[in-house]
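Have a look at the structure below before the remarks.
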Amino acid sequence: MRPFKYTGAQNKDQALQAFTATSHYLGGGTNLVDLMKEDVERPDQLIDINNLDYKKITSNDKGGLTLGAMLSNSETANHPEVRTNYPLLSMAMLSAATAQIRNMASNGGNLLQRTRCPYFFEVSMPCNKREPGSGCGALNGMNALHAIFGYSDSCIATNPSDMCVALAAIGATVEVQQTDGSSRMIVFTDLHRLPGDRPEKDTTLMQGELITAIHLPKPEFSDHYYYLKIRERSSYAFALVSVAAGLQVKSGVITKVGLAMGGVAHIPWKLTKAEGFLAGKKPTSENFKAAAALEMKDAKPFEANTYKVEMGKNAIVRALTQAYEREV
Amino acid sequence: MKEDDKFKEEVNLDKLSDDENIILDAMGLNGSSRRKFLKQVSTASLGIYASSFFTSELFASTMKDLPENTTALLNEIKVNLRVNEMVKPLTLDSRTSLLDALRERLGLTGTKKGCDHGQCGACTVIIDGKRNLSCLTLAATCEGKEITTVEGLAKNSEMHPMQQAFLKHDGFQCGYCTPGQICSAIALLEEAKNGEASYVTEDLKTIKSGLTLSEEEIRERMSGNICRCGAYNNIVQAFKEVHSGDNEMPTWEFATQEQMNKAKNA
Ligand SMILES: Cc1cc2nc3c(=O)[nH]c(=O)nc-3n(C[C@H](O)[C@H](O)[C@H](O)COP(=O)(O)OP(=O)(O)OC[C@H]3O[C@@H](n4cnc5c(N)ncnc54)[C@H](O)[C@@H]3O)c2cc1C
Ligand code: SF4
Ligand code: FES
Ligand code: FES
């Protein structure tokens with residue numbers, strides 16, 4: 001690991017003031033410290049933001065909850081209000097990593113965790129995301145774990161977060177502090193960006209912006225929800241494909257759908273077509289299958305990850321079925 | 001005759017080597033406590049327990065022996081590490097992980113380095129009551145925190161019940177993952193008491209405190225500790241004994257032809 005200056009910030013002003021172009025904020029460190037050991041991230045200053053006062057869960061004026069950015073993933077997933085009103089989010093967060101890592105990982109850090117593309121982690125390999133212009137090793141290399149939607153020739157990596165898939169399905173808003181002291185709100189699905197020709201940029205955040213909170217809308221999927229995570233072993237592994245499904249059903253008709261997929265794109269992939277198709281329809285297996293087929297027909301897999309198309313289709317149907325059939 | 005010698009005569013079925021006797025002496029286990037202990041443990045596994053115990057006994061002197069400060073540190077940070085109820089002021093390179101600080105500066109080598117990348121759980125320690133990975137924790141972030149390592153679990157020469165259960169159930173083979181497993185398991189006892197959920201919890205909405213975890217739950221919740229020797233069945237059994245008093249020893253038998261066919265056609 002390269003040398004860096006450690007700065008412990010006690011409040012947001014100290015954190016923002018200390019920020020320089022080569023700094024990184026330090027949350028739980030579960031992604032950042034790992035990548036620094038791999039020499040992938042090379043900050044010359046870490047600004048420890050763990051003492052910042054963003055550790056509460058409060059009600060917001062939309063009738064929903066606001067989650068502090070510095071709360072741990074386990075505190076968030078296990079908060080009684082989150083479990084009762086946003087069980088889809090709890091379930092997705094609990095599927096991630098392990099108890100130890102969830103205890104350490106912060107909500108802000110989870111949103112900004114970087115891809116698990118093996119070329120990105122290995123500094124002797126070409127990777128446009130790590131080293132712009134060096135080429136994409138995965139494009140014609142080992143790409144079994146890579147994207148089937150929304151990629152470009154410069155990068156075909158996927159976003160690894162489970163929490164983000166649920167947040168995309170639920171429809172959250174992210175609050176950030178800027179270095180000039182002002183703050184802004186970002187619609188969750190605008191936070192992450194497709195790789196285009198700038199894969200080194202994962203998100204639309206500007207330099208030095210600090211995530212302070214995640215705002216959730218009023219709960220809509222507390223009865224019918226499921227987070228399906230398909231992976232190579234049944235725990236402690238990233239998703240090959242995952243689906244967050246939330247339904248609202250009234251008098252046998254779907255009145256509201258939240259659907260997003262993980263493991264298939266550079267961003268948490270919102271299934272807008274399937275959502276549109278299902279709204280107002282009956283929650284039948286024919287409709288679930290039709291919705292999944294509609295969404296997956298645009299998939300453009302590589303040789304090694306064609307399996308994701310069929311797996312994705314089945315996963316959408318299964319997540320919807322589990323969500324619908326859950327005993328209320 | 002000294003109490004100790006009497007004991008040795010009594011239990012000649014447990015023919016202890018000199019080394020083993022030294023270990024038991026160092027553990028402060030004499031007379032009846034030694035007898036009780038030996039009943040629980042096959043002596044073959046003594047070394048595994050003792051290695052961490054020794055470190056604990058030698059904690060104070062080991063700490064003195066290691067260099068206080070290294071000269072000319074780049075980006076030096078000062079941190080008072082509070083480990084197993086002792087506080088040690090350290091001057092460290094800012095890059096030092098908690099794991100390296102424990103092992104290299106405090107001589108607490110019970111906590112193991114498996115992967116150094118968050119992928120195995122061997123380095124699990126308890127920080128402020130929660131299990132954490134010391135390999136991805138920077139020591140600089142630990143000021144004011146209460147850290148418990150495997151060396152801090154025994155109290156008054158009595159092993160923590162989880163340590164005893166691991167021994168009783170053979171919850172290890174090589175022992176490398178064991179300190180992490182035990183710290184993790186102890187933290188999990190609390191999580192279950194607090195009614196924390198896991199991915200396999202059926203109903204997230206009505207979960208109450210004081211959970212009794214099913215085997216499936218235990219396996220999911222302990223998945224952050226990989227055991228290369230595959231001692232998982234025994235680890236689960238050890239956990240169950242402490243968690244719910246279920247101390248049934250697992251039994252096994254060869255699968256019948258019928259069961260084999262069924263598995264194949266499943
Ligand atoms: C072995 C292993 C397995 C894992 N498995 C899974 C899995 O199955 N599913 C899953 O979803 N995740 C998984 N993870 C990833 C884990 O969830 C993330 O590493 C974690 O959520 C990151 O949070 P953190 O607080 O530790 O972030 P850090 O590592 O501290 O930071 C990550 C990035 O975010 C920046 N940052 C942090 N907080 C803020 C903030 N408030 N504002 C602005 N910038 C900020 C940092 O500068 C850094 O660039 C796994 C990790 C490991 C090591
Ligand atoms: S897919 Fe993206 S992250 Fe992976 S090698 Fe290509 S550019 Fe790098
Ligand atoms: S050494 Fe920390 S998880 Fe493997
Ligand atoms: S006992 Fe050998 S790794 Fe677990």
Side-chain angles (χ1 to χ4, degrees), chain A residues 1-8 26 28-38 44-46 48 50-51 72 74-75 77-78 80 82-105 121 162 222-223 225 227 229 233-237 326-327, chain B residues 73-77 79 92-98 115-121 123-141 143-144 180 183-184 187-188 191 194-207 216 219-226:
Chain A
M1 196 189 291
R2 292 174 196 232
F4 62 86
K5 179 172 172 237
Y6 170 85
T7 304
L26 174 69
T30 58
N31 191 222
L32 183 54
V33 174
D34 188 14
L35 289 170
M36 286 167 69
K37 288 184 183 189
E38 298 283 11
D44 65 9
Q45 178 181 229
L46 285 190
D48 184 353
N50 284 287
N51 287 332
S72 73
S74 41
E75 287 166 308
N78 265 305
V82 177
R83 266 190 340 214
T84 318
N85 297 314
Y86 305 91
L88 177 58
L89 179 61
S90 287
M91 196 176 179
M93 293 180 82
L94 291 169
S95 78
T98 67
Q100 288 95 315
I101 294 170
R102 294 191 295 270
N103 281 339
M104 301 169 72
F121 270 75
D162 292 299
S222 53
D223 289 335
Y225 65 90
Y227 187 72
K229 183 170 176 182
R233 58 183 184 200
S234 58
S235 191
Y236 205 176
R326 184 181 286 285
E327 301 237 346
Chain B
L73 283 178
L74 205 57
N75 299 311
E76 79 171 36
I77 52 121
V79 58
L92 300 167
D93 184 310
S94 60
R95 290 171 288 186
T96 316
S97 67
L98 174 61
C115 63
D116 214 18
H117 287 281
Q119 299 181 358
C120 75
C123 66
T124 303
V125 298
I126 301 173
I127 304 181
D128 291 339
K130 306 262 179 208
R131 39 182 169 162
N132 275 250
L133 299 177
S134 60
C135 71
L136 293 182
T137 302
L138 291 174
T141 64
E143 180 74 43
C183 286
S184 196
L188 174 53
E191 293 165 16
N194 299 338
E196 290 179 29
S198 86
Y199 180 60
V200 302
T201 305
E202 282 287 321
D203 188 351
L204 292 169
K205 296 203 283 183
T206 60
I207 186 168
E216 187 195 14
R219 286 177 186 275
E220 161 63 21
R221 289 162 190 255
M222 286 295 291
S223 74
N225 293 83
I226 306 235

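The sequence lines fix the lettering, A, B, ..., with proteins before strands; numbering per chain opens at 1. The structure presented is a predicted model; accordingly, all values stated were derived computationally and were not measured.
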Between [options], the one whose heavy-atom pairs under 4.5 Å with chain B are most numerous:
options                                  : value
Asn78(A), Val33(A), Leu46(A)             : Asn78(A)
Lys37(A), Arg233(A), Lys229(A), Met93(A) : Lys37(A)
Pro3(A), Gly29(A), Ala97(A), Pro80(A)    : Pro3(A)

Inter-residue atom distance [X].[atom1] - [Y].[atom2], 0.5 Å rounding:
X         : Y         : atom1 : atom2 : answer
Asn85(A)  : Lys205(B) : CG    : NZ    : 8.0 Å
Ser198(B) : Arg102(A) : OG    : CZ    : 7.5 Å
Phe121(A) : His117(B) : CZ    : NE2   : 9.0 Å
Gln100(A) : Ile127(B) : CD    : CD1   : 11.0 Å

Under a 3.5 Å distance rule, please check whether Tyr199(B) uses its side chain to pair with a backbone N or O of Tyr227(A) as donor and acceptor. yes
Has Asn103(A) got a side-chain atom pairing as donor or acceptor with Arg131(B)'s backbone, closer than 3.5 angstrom? yes
Given that the side chain runs from C-beta out, which part of [X] has a heavy atom under 4.5 Å from chain A: side chain, backbone, both or neither?
X         : answer
Thr201(B) : neither
Ile226(B) : side chain
Asp116(B) : both

Just so I understand: if I count every heavy-atom pair under 4.5 Å between each of [options] and chain A, which residue has the most?
options                         : answer
Asn132(B), Val200(B), Thr206(B) : Asn132(B)
Leu74(B), Asn194(B), Thr141(B)  : Thr141(B)
Asp93(B), Ile77(B), Leu138(B)   : Leu138(B)

With sequence neighbours excluded, tell me which residues meet side-chain hydrogen bond (donor to acceptor under 3.5 Å, both in side chains) with Glu196(B). none
Using every non-hydrogen atom in the two residues, find where [X] and [Y] come nearest and quote the distance to one decimal.
X         : Y         : value
Tyr236(A) : Cys120(B) : OH-N, 3.1 Å
Phe4(A)   : Arg95(B)  : CE2-CG, 3.5 Å
Pro87(A)  : Leu204(B) : O-CD1, 3.5 Å
Glu220(B) : Ser234(A) : OE1-O, 4.2 Å
Thr137(B) : Met104(A) : OG1-CE, 3.2 Å
Arg83(A)  : Ala197(B) : NH1-N, 3.7 Å

With a 4.5 Å heavy-atom cut-off, do Ser74(A) and Glu191(B) have their side chains touching? no
In chain order, what residues pass the side-chain contact (heavy atoms from CB on, under 4.5 Å) check against Ser97(B), with sequence neighbours excluded? Leu99(B), Asp100(B)
Please check if any side-chain donor atom of Asp34(A) sits under 3.5 Å from a side-chain acceptor atom of Gln119(B), or the reverse. no
Could you check whether atom CD of Glu143(B) has more than 12 heavy atoms from other residues, nucleotides or ligands sitting under 6.0 Å from it? yes
Which portion of [X] sits near chain B, non-hydrogen atoms under 4.5 angstrom:
X         : answer
Leu26(A)  : side chain
Arg2(A)   : backbone
Asp162(A) : neither

